Visitor: 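Below is a structure I'd like to ask you about.
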Amino acid sequence: MWRQLLPVGRNSASGGYRRFAWTGADADCRDWFREQARRRGLAYEVDRNGNQWAWLGDPAEGDAVVTGSHLDSVPDGGAFDGPLGVVSAFAALDELRRRGVRPAKPLGIVNFGDEEGARFGLACVGSRLTAGALTVEQAHWLTDADGITLPQAMETAGHDPDAIGPDPVRLARIGAFIELHVEQGRALDLTGDPVGVASAIWPHGRWRFDFRGEANHAGTTRLADRHDPMLPYAETVLAARREAEQAGGVATFGKMAVEPNGVNAVPSLVRGWLDSRAADQERLDAVVGGVERAARAHAAAHGVQLDVERESFTPVVEFDHALRDRLARILGKDAALKVPVLGTGAGHDAGILAGRVPTAMLFVRNPTGVSHSPAEFAAEDDCVAGVLALADVLEGLAAP
């Protein structure tokens, strides 16, 4: 399965992946998922929001145990973020069948659409729509860099955009959702454990900073006469690093746009997007508040106007404690097996669903901690350990 999926959407120049929602690469990933379901004799369906489902048993019976993740990527992302969870879900089902397990509850595997938000700028679109965390009106306003709206992209890909919206009946049938994911950090590598259980997802969000100055000639405009928005932007990037260090959080300006974007022109607009996360709301507020104060001070010093807009935000997500503890007991049946419980600064579909269904996560060791990069990696032995752990969990939750 892994070898079949590896070439899909791979950029030969960077070695990373460009599997963006409702594109050709996304369609190839979806074809792969449908074929995996067919090979196993699973009931296959696509829900109103474009998420793919494969079922062993009838989900209408309720109290279903569901696992899976996503197959899309960030620009030039790695091979493991998302796909590891989907591949492991099918492999875990194969392992259950090898063991002769006959689940007493329906088992589901899901591929949530547009988790990374690489094309339309909002993460977890498929799960947000399903959970009612994104309204139909908001979804219809989402556009990509070419001005194509989400409904247009979905329709071009053969999905009915008029069908999107909350899906409470589907969610009511799920008794537990377990998402396996490569760890996006080095906590497991530092403890020497191949697999861990998630405790919570840090609060996180995205903020857009628009620095508006005055376009002018780069060769003839005196430095003293300039209103150059690039300068306060650069100082704000440095301020974000300082504020994050002081508060114990993280802050990143990883995307920017410049107008008119000419080598010989002083910019009229520099737009930067801040991604910030912290272990709790107080620390996150300290980081973002400090960055905005610094940005406004620097903008004023250069005669530049600043607008700041929060584009998305997710509060702290505590995974279901009872389910989390049950996973730890299932995986800890061997007294020699440690099961570390750790938090994460990364958002996931599991975090979106956590407010609607009991949800938990398993992490697989990442020896470098690198993620959202072609260098993202997990050793085969650790991936197999993740599959076996997931199979144990599914057996423990769904067995008679």
Side-chain angles (χ1 to χ4, degrees), residues 5-11 14 16-34 36 44-54 68-87 109-167 170 179 181 206 254-255 273 275 311-312 314 346-353 371-372 376:
L5 199 56
L6 278 178
V8 179
R10 190 168 192 178
N11 181 280
S14 69
Y17 290 88
R18 299 180 180 180
R19 298 166 173 164
F20 305 148
W22 306 111
T23 63
D26 184 54
D28 290 343
C29 288
R30 296 169 68 86
D31 288 345
W32 174 91
F33 183 98
R34 183 174 59 250
Q36 297 305 317
Y44 170 79
E45 61 176 334
V46 179
D47 69 20
R48 61 189 302 175
N49 297 308
N51 306 309
Q52 294 178 288
W53 300 80
S69 191
H70 63 95
L71 294 174
D72 66 315
S73 75
V74 299
D76 291 319
F80 294 84
D81 181 356
L84 180 63
V86 181
V87 171
I109 298 174
V110 62
N111 167 35
F112 282 111
D114 199 6
E115 193 271 354
E116 295 289 8
R119 183 174 180 185
F120 298 101
L122 179 66
C124 302
V125 170
S127 56
R128 285 182 190 272
L129 283 169
T130 300
L134 175 68
T135 68
V136 175
E137 182 180 15
Q138 290 169 333
H140 277 238
W141 278 102
L142 295 176
T143 59
D144 67 9
D146 296 319
I148 299 172
T149 66
L150 174 63
Q152 289 171 334
M154 294 178 74
E155 189 169 24
T156 299
H159 189 81
D160 181 9
D162 293 330
I164 65 173
D167 203 343
R170 180 175 298 275
E179 182 172 4
H181 205 281
R206 299 177 181 181
K255 177 182 176 180
W273 282 264
D275 179 298
E311 291 194 337
S312 66
T314 302
H348 300 280
D349 291 311
I352 301 299
L353 297 187
S371 188
H372 284 187
E376 182 179 83

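All of these numbers come straight from a predicted model, not from anything done at the bench.
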Visitor: Quick check: closest heavy atoms across A346 and H348, and the distance to 0.1 Å?
Guide: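 Nearest pair, atom of A346 first, then H348: O-CD2, 3.2 Å.
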
Visitor: What verdict does the side chain to side chain contact (heavy atoms under 4.5 Å, CB included) test give for V8 and W32, after you've listed the backbone C-alpha separation in whole Å, the side-chain angles of each residue and the deciding distance to 0.1 Å?
Guide: CA-CA 10 Å; V8 179; W32 174 91; 6.0 Å; no

Visitor: Which heavy-atom pair separates A118 from S73 by the least distance, and what is that distance?
Guide: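 Looking at all heavy atoms of both residues, the closest pair is CB-O, 3.4 Å.
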
Visitor: Please round to the nearest 0.5 Å and tell me the distance separating atom OG1 of T130 and atom CZ of R170.
Guide: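 So the OG1 of T130 and the CZ of R170 are separated by 7.5 Å.
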
Visitor: Report the C-alpha distance between K255 and R206 in whole Å, list the side-chain angles of each, state the deciding distance to 0.1 Å, and finish with yes or no for side chain to side chain contact (heavy atoms under 4.5 Å, CB included).
Guide: CA-CA 11 Å; K255 177 182 176 180; R206 299 177 181 181; over 6 Å; no

Visitor: Nearest 0.5 Å, what's the CG-CD distance between D275 and E311?
Guide: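 The CG atom of D275 sits 11.5 Å away from the CD atom of E311.
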
Visitor: Only pairs at least two apart or in different chains count here, so list each side-chain hydrogen bond (donor to acceptor under 3.5 Å, both in side chains) that has a residue in residues 16-30.
Guide: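 Checked against side-chain hydrogen bond (donor to acceptor under 3.5 Å, both in side chains) - neighbours excluded - the pairs reaching residues 16-30 are R18-D76.
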
Visitor: If I compare all heavy atoms of A131 with all of L353, which pair ends up nearest, and what's the gap?
Guide: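 Smallest heavy-atom distance, with atoms named: CB-CD2, 4.4 Å.
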
Visitor: Are any side-chain N or O atoms of D144 and backbone N or O atoms of D146, one a donor and one an acceptor, separated by less than 3.5 Å?
Guide: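 Yes; at least one donor-acceptor contact below 3.5 Å.
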
Visitor: Distance from E116 atom CD to D81 atom CG, nearest 0.5 Å?
Guide: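 Spacing of CD (E116) from CG (D81) equals 4.5 Å.
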
Visitor: Output, in order, the C-alpha distance, side-chain angles, deciding distance and verdict of side chain to side chain contact (heavy atoms under 4.5 Å, CB included) for L142 and Q138.
Guide: CA-CA 7 Å; L142 295 176; Q138 290 169 333; over 6 Å; no

Visitor: What heavy-atom pair brings E376 and S371 nearest, and what distance separates the two atoms?
Guide: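 In terms of heavy atoms, the two residues are closest at OE2-OG, 2.6 Å.
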
Visitor: Do you know which of D349, N51, D114 makes side-chain hydrogen bond (donor to acceptor under 3.5 Å, both in side chains) with S127?
Guide: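 Output: one option passes, namely D349.
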
Visitor: Any chance the side chains of E179 and S69 put a donor and an acceptor closer than 3.5 Å?
Guide: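 Yes, S69 and E179 have a side-chain donor paired with an acceptor closer than 3.5 Å.
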
Visitor: What I'd like to find out is whether the side chain of V86 reaches to under 4.5 Å of the side chain of L5, using heavy atoms alone.
Guide: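 Answer no - side chains too far apart.
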
Visitor: Taking the side chain as everything from C-beta on, heavy atoms only, tell me whether V46 gets closer than 4.5 Å to R34.
Guide: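 Contact flag for V46/R34 side chains = no.
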
Visitor: Quick one: do H70 and N111 satisfy side chain to side chain contact (heavy atoms under 4.5 Å, CB included)? Show the steps, please.
Guide: CA-CA 5 Å; H70 63 95; N111 167 35; 4.3 Å; yes

Visitor: Is there side-chain contact between F20 and P75, with at least one heavy-atom pair below 4.5 Å?
Guide: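 Yes, at least one pair of side-chain atoms sits under 4.5 Å.
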
Visitor: Which pair of heavy atoms, one from D47 and one from W53, lies closest together, and at what distance?
Guide: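 Nearest pair, atom of D47 first, then W53: OD2-NE1, 2.9 Å.
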
Visitor: Crowded around E155 CD? As in, over 12 foreign heavy atoms under 6.0 Å?
Guide: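 At most 12 heavy atoms, drawn from other residues, nucleotides or ligands, come within 6.0 Å of this atom.
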
Visitor: Looking only at non-hydrogen atoms, find the nearest pair between R119 and A153 and report the distance.
Guide: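 Closest heavy-atom pair between R119 and A153: NH1-CB, 3.6 Å.
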
